[in-house]
There are 2 protein chains.
Amino acid sequence: MKSDTWLKELRKQGYRLTEARRAVVETVAQSPRALSPTDVYNLSKEHYPALGLVTVYRTLEKLEELHLVQRVHQEEGCNAYLSEAEGHQHLLICTECKKAVYFEGDDLGDFFGKVGEMHNFVVNDHWLQLFGICEDCKRIYD
Amino acid sequence: MKSDTWLKELRKQGYRLTEARRAVVETVAQSPRALSPTDVYNLSKEHYPALGLVTVYRTLEKLEELHLVQRVHQEEGCNAYLSEAEGHQHLLICTECKKAVYFEGDDLGDFFGKVGEMHNFVVNDHWLQLFGICEDCKRIYD
DNA sequence: TCCTTATTGAAAACAATTTTCATTTATCGG
DNA sequence: CCGATAAATGAAAATTGTTTTCAATAAGGA
Ligand SMILES: [Mn+2]
Ligand SMILES: [Mn+2]
Ligand SMILES: [Zn+2]
Ligand SMILES: [Zn+2]
């Protein structure tokens, strides 16, 4: 289970395992879409009603530092967190249900380097996201 | 001058031309980098000290509606506005001085379509930004 | 020049996030 | 198993960024 790996990693970093953290980790680790702090709060409260929103912020911050989650930027907002993929990947997001899927695409590196050269830049990072409609939503909204 | 074009466009939409608007438009139109509302406020005040921050927000909102500026997302924040390019373009941003340059790259559309297919998504938009170091900053920081 | 009404800036309201702090509790050493 | 200790918690306050409200101002058509 992904949440167990995350908890183990938190422990390895010297952090303590609390009920609050377990609840937050559980929620984020198994979510198919990026969640805002408030989303995480509301969902996690079902497992641990005493949870405070502050703790959600603090836990997300740590998970991000450990590269277990990443922030996702969308039109609707830029403070949603998603389980991070292994290695360098890019996102494909359904604009209806917000489901997020990772894909690789590193054939692009060369092209990006050339674009940089043309403008006398040294390119050392890139940011790529695709938006569309997923299979399930296609079925529903057609 | 780009700011004159923008003012003309505002006028065409029935908006009035005020000193406050002129100052904001001037600032944003000639900036080589994306500016936050506060940036715009501080820079514009030099030309029009009576300016209020509210007016900056309101003017940026209108410029965005008219597609004269676009919001730019970066690690440091997602509320910076930049003069928009003609047609569909992508951004190359210097992480040192924040200078932004547009480039075309629509050879990518096919690839993005294929990625979508592989995941049973219909892809209808994408978001691509490159980050690097521009010529000037390279010179300074090396 | 006058009239109408869009636009303005100050102040208040609101929302999201961070800080502060007294209390609780996870972990460690015995 | 205890405690002891320091990390972690949640409530409340503070801070920050943005929007709304509103009375005063001024742009632009007549
Ligand atoms: Mn890549
Ligand atoms: Mn494109
Ligand atoms: Zn963003
Ligand atoms: Zn969907």
Side-chain angles (χ1 to χ4, degrees), chain A residues 3-4 6-28 34-66 69 71-81, chain B residues 3-4 6-28 34-66 69 71-81:
Chain A
S3 59
D4 292 331
W6 291 15
L7 292 171
K8 208 169 290 173
E9 184 59 28
L10 283 168
R11 198 74 260 286
K12 202 196 302 184
Q13 299 297 320
Y15 295 118
R16 295 180 180 177
L17 298 187
T18 65
E19 276 310 295
R21 269 174 194 165
R22 276 184 235 275
V24 168
V25 162
E26 170 65 23
T27 298
V28 181
L35 301 174
S36 71
T38 312
D39 290 339
V40 174
Y41 178 65
N42 291 326
L43 290 166
S44 304
K45 265 174 98 78
E46 296 187 13
H47 294 287
Y48 183 64
L51 182 65
L53 180 55
V54 216
T55 298
V56 172
Y57 278 96
R58 292 191 276 224
T59 305
L60 288 174
E61 191 179 25
K62 289 186 174 59
L63 293 176
E64 191 178 20
E65 278 165 16
L66 300 180
V69 304
R71 254 178 91 189
V72 175
H73 299 252
Q74 292 169 261
E75 284 302 335
E76 315 83 58
C78 303
N79 292 296
Y81 293 80
Chain B
S3 60
D4 292 332
W6 291 14
L7 292 171
K8 207 169 290 172
E9 185 58 28
L10 284 167
R11 196 76 262 287
K12 203 198 301 186
Q13 300 296 320
Y15 294 118
R16 294 180 182 178
L17 298 187
T18 67
E19 276 310 296
R21 267 173 196 165
R22 278 185 234 275
V24 169
V25 162
E26 170 66 23
T27 297
V28 181
L35 300 173
S36 71
T38 311
D39 290 339
V40 174
Y41 178 64
N42 291 326
L43 290 166
S44 304
K45 265 173 100 76
E46 298 188 13
H47 294 287
Y48 183 63
L51 182 66
L53 180 56
V54 216
T55 299
V56 172
Y57 276 98
R58 292 191 277 224
T59 305
L60 287 174
E61 192 178 24
K62 287 183 176 62
L63 293 176
E64 190 178 19
E65 278 166 16
L66 300 180
V69 304
R71 253 178 91 189
V72 175
H73 299 253
Q74 291 170 261
E75 285 301 336
E76 314 84 56
C78 303
N79 291 296
Y81 292 81

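Throughout, a chain's letter reflects where its sequence line sits, starting with A, and its residues are numbered from 1. Values below: all heavy atoms of this structure, side chains included; hydrogens, waters and symmetry mates excluded. Everything numeric in this text was worked out from a predicted model, so none of it was measured.
- Following rounding to the nearest Å, B/Y57 (OH) and C/dC14 (C1') show an atom-to-atom distance of 13 Å.
- Closest to the A/R21 side chain, of the nucleotides D/dG10, C/dT8, D/dT9, is D/dT9.
- Taking atom CG of B/N42 as the reference point, atom P of D/dG17 lies 12 Å away to the nearest angstrom.
- In this structure, the CD atom of A/E76 is 18 Å from the C1' atom of C/dA15, given to the nearest Å.
- Closest approach of A/N79 and A/R71 over heavy atoms only: OD1-NH2, 3.4 Å.
- Applying the 4.0 Å criterion to OP1 and OP2 of C/dT25, one finds that A/R16 has every side-chain N and O outside that range.
- If you check D/dT18, D/dG10, C/dA11 against the side chain of A/V54, the one that comes closest is D/dG10.
- Between A/E9 and A/Q13, the closest side-chain pair of non-hydrogen atoms falls below 4.5 Å.
- Residue A/R22 places no side-chain N or O under 4.0 Å from the OP1 or OP2 atom of C/dT25.
- B/N79 has a side-chain polar atom (N or O) that falls below the 4.0 Å cut-off from OP1 or OP2 of D/dT18.
- Side-chain N/O atoms of A/T18 include none lying less than 4.0 angstrom from OP1 or OP2 on C/dT25.
- Residue order along DNA chain D, read from the 5' end via each residue's closest nucleotide, puts B/T38 first among B/T38 and B/Y15.
- Within the 4.5 Å cutoff, no side-chain heavy atoms of A/V28 are placed close to those of A/L43.
- Among the atoms of the strands shown, only primed sugar atoms or phosphate atoms (P, OP1, OP2) are found under 4.0 Å from some heavy atom of B/Y48.
- Rounded to whole Å, atom P of C/dA15 lies 14 Å from atom CG of A/L53.
- In this structure, B/R11 places its CZ atom 11 Å from C1' of C/dA6, rounding to the nearest Å.
- The side-chain heavy atoms of A/R22 and A/Y48, taken from C-beta on, include no pair separated by under 4.5 Å.
- Within a 6.0 Å sphere centred on CD of A/E76, other residues, nucleotides and ligands contribute more than 12 heavy atoms.
- Put simply, NZ on A/K12 is 17 Å from P on C/dT27, counting in whole angstrom units.
- A close approach under 4.0 Å does not occur between any side-chain nitrogen or oxygen of A/R58 and OP1 or OP2 of D/dG10.
- Rounded to whole Å, atom C1' of D/dG10 lies 15 Å from atom CD of A/E19.
- Each of A/L17 and B/T59 was matched to the nucleotide of DNA chain C holding its nearest heavy atom; the match closer to the 5' end belongs to B/T59.
- For the pair A/D39 CG and C/dA16 P, the interatomic distance rounds to 11 Å; values are reported in whole Å.
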